[in-house]
Number of protein chains: 2
Amino acid sequence: MAKMCECLFPKKQEEVWPLIVTQNVLTGRWKLAILWFLNRETRRFSEIKSFLNDISQGSLTKQLREMEDHALILRFVYPEVPPRVEYSLTSRGRSLIPIIELMAEWGKLS
Amino acid sequence: MAKMCECLFPKKQEEVWPLIVTQNVLTGRWKLAILWFLNRETRRFSEIKSFLNDISQGSLTKQLREMEDHALILRFVYPEVPPRVEYSLTSRGRSLIPIIELMAEWGKLS
DNA sequence: CCGAATCCTCTCGGATACTG
DNA sequence: CAGTATCCGAGAGGATTCGG
């Protein structure tokens, strides 16, 4: 979404804060699609990358890190060579799925 | 959201298109807040501006134009001097409110 | 295979000044 | 009061290279 950000609203607009919180968490070019994709099942880095087939490795890493920081996804590194890394939704991340689905619904009808 | 954009997914990922459509429509620093605000009632330009009290006139105009282009809001100009302009949700815009509310809910609990 | 580090580009949004 | 026109800076995201 263009940019969703860390805006501060004054006291009297406190009611919109929660909305902005969610906006900030979901802001990022690929995050919605990633959530959508991980909802199906746990996925490897390379699987996500090929699903979003226009994304660069660097960008994907950034998006995943941010989502991990926001506690939306879990990162598990297998102690293997070559490395294998799997990403899955946390319960917090999974709690965003209803929003994703509503958005998908809306987009279908539009 | 940071940037929500006009990504093209290949055939096999067609299922995410609708999600991306919605993302594109909602992308923009102030759009969610504006939808939230206009849902209460029709508002004048200056009312919206003071609600989002950090926004500049130019930015507000841009956001509103985009939303108008996406047919989310309606713009009505009163033939007066000085000008008075009111913005309201279209039914299409109103159909986004459930999403907004879910997001607000989520932000409250987080 | 996955990711860190750089560099680079481009777009969004803010600041400012000006108009009817 | 509402809007347009310009200019500008910040930061998101892409490309590339290197490394474990």
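Convention: sequence-line order gives letters A, B, ...; per-chain numbering from 1. Values reported hereafter were calculated over all heavy atoms of this structure, with side chains retained and with hydrogens, waters and symmetry mates removed. Every value quoted in this text rests on a predicted model; they were computed, and no experiment measured them.
- Atoms CG (Leu60(A)) and P (dG13(D)) sit 12 Å apart, rounded to a whole Å.
- Between the NE2 atom of His70(A) and the CG atom of Leu96(A) there is a distance of 11.0 Å, given to the nearest 0.5 Å.
- For the side-chain hydrogen bond (donor to acceptor under 3.5 Å, both in side chains) condition, the pairs that include at least one residue of residues 97-110 of chain B, sequence neighbours left out, are Ser95(A)-Trp106(B), Glu105(B)-Lys108(B).
- Here the C1' atom of nucleotide dC1(D) and the CZ atom of Arg43(B) are 17 Å apart, to the nearest Å.
- Counting only residues at least two apart or in different chains, salt bridge (Lys or Arg N to Asp or Glu O under 4.0 Å) contacts with residues 78-89 of chain A comprise Glu80(A)-Arg84(A), Arg84(A)-Glu86(A).
- Here the C1' atom of nucleotide dG14(D) and the CH2 atom of Trp30(A) are 10 Å apart, to the nearest Å.
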Can you tabulate the close N/O pairs, meaning under 3.5 Å, that link protein atoms to atoms of nucleotides 15-20 of chain D?
none

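- Between Arg29(B) and dG14(C) there is a side-chain polar atom (N or O) within less than 4.0 angstrom of OP1 or OP2.
- Contact between the side-chain N/O atoms of Arg65(A) and the OP1/OP2 oxygens of dG3(C) is found at a separation under 4.0 Å.
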Side-chain donor-acceptor distances from residues 38-49 of chain B under 3.5 Å, at least two apart:
| residue | atom | partner | partner atom | Å |
| --- | --- | --- | --- | --- |
| Arg40(B) | NH2 | Glu15(A) | OE1 | 3.1 |
| Glu47(B) | OE1 | Arg44(B) | N | 2.7 |
| Lys49(B) | NZ | Ile55(B) | O | 2.9 |

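- Where the helix from dC1(C)-dG20(D) to dG20(C)-dC1(D) starts and where it ends, the local axes point in directions that differ by 40°; five pairs per end, rounded to 10°.
- The CE-P distance, from Met67(A) to dA12(D), rounds to 16 Å in whole Å.
- The separation between Asn53(B) atom CG and dG14(C) atom P is 12 Å, rounded to whole Å.
- Glu66(A) places its CD atom 13 Å from the P atom of dG11(D), with the value rounded to the nearest Å.
- In this structure, Val81(B) stands alone, with no Ile, Leu, Val, Met, Phe, Trp or Tyr side-chain heavy atom under 4.5 Å from its own, directly or through other members.
- Within 4.0 Å (heavy atoms only), Tyr87(A) reaches sugar-phosphate atoms of the nucleic acid but no base atom.
- Atom CD in Glu86(A) sits roughly 15 Å away from atom P in dC1(C) (whole-Å rounding).
- The interatomic distance linking Asn24(B) (CG) with dT11(C) (C1') rounds to 14 Å, in whole Å.
- Close to dC1(D), at under 4.0 Å from its OP1 or OP2, lies no side-chain N or O of Arg44(B).
- Grouped by direct or indirect side-chain proximity (heavy atoms under 4.5 Å, Ile/Leu/Val/Met/Phe/Trp/Tyr only), Phe76(B) sits with Tyr78(B).
- Across all strands, Thr61(B) comes closer than 4.0 Å to base atoms (heavy-atom distances).
- One distance of note links CD1 of Ile34(B) with CG of Leu60(B); it measures 5.5 Å at 0.5 Å rounding.
- With sequence neighbours excluded, the residues forming a side chain to side chain donor-acceptor pair (under 3.5 Å) with Ser56(A) are Ser59(A), listed by chain and number.
- Listed by chain and number, the residues in a side chain to side chain contact (heavy atoms under 4.5 Å, CB included) with Leu102(A) are Pro98(B), Ile99(B), Leu102(B) (sequence neighbours excluded).
- Relative to the side chain of Gln63(A), the nucleotides dG13(D), dC1(D), dC2(C) differ in distance, and dG13(D) lies closest.
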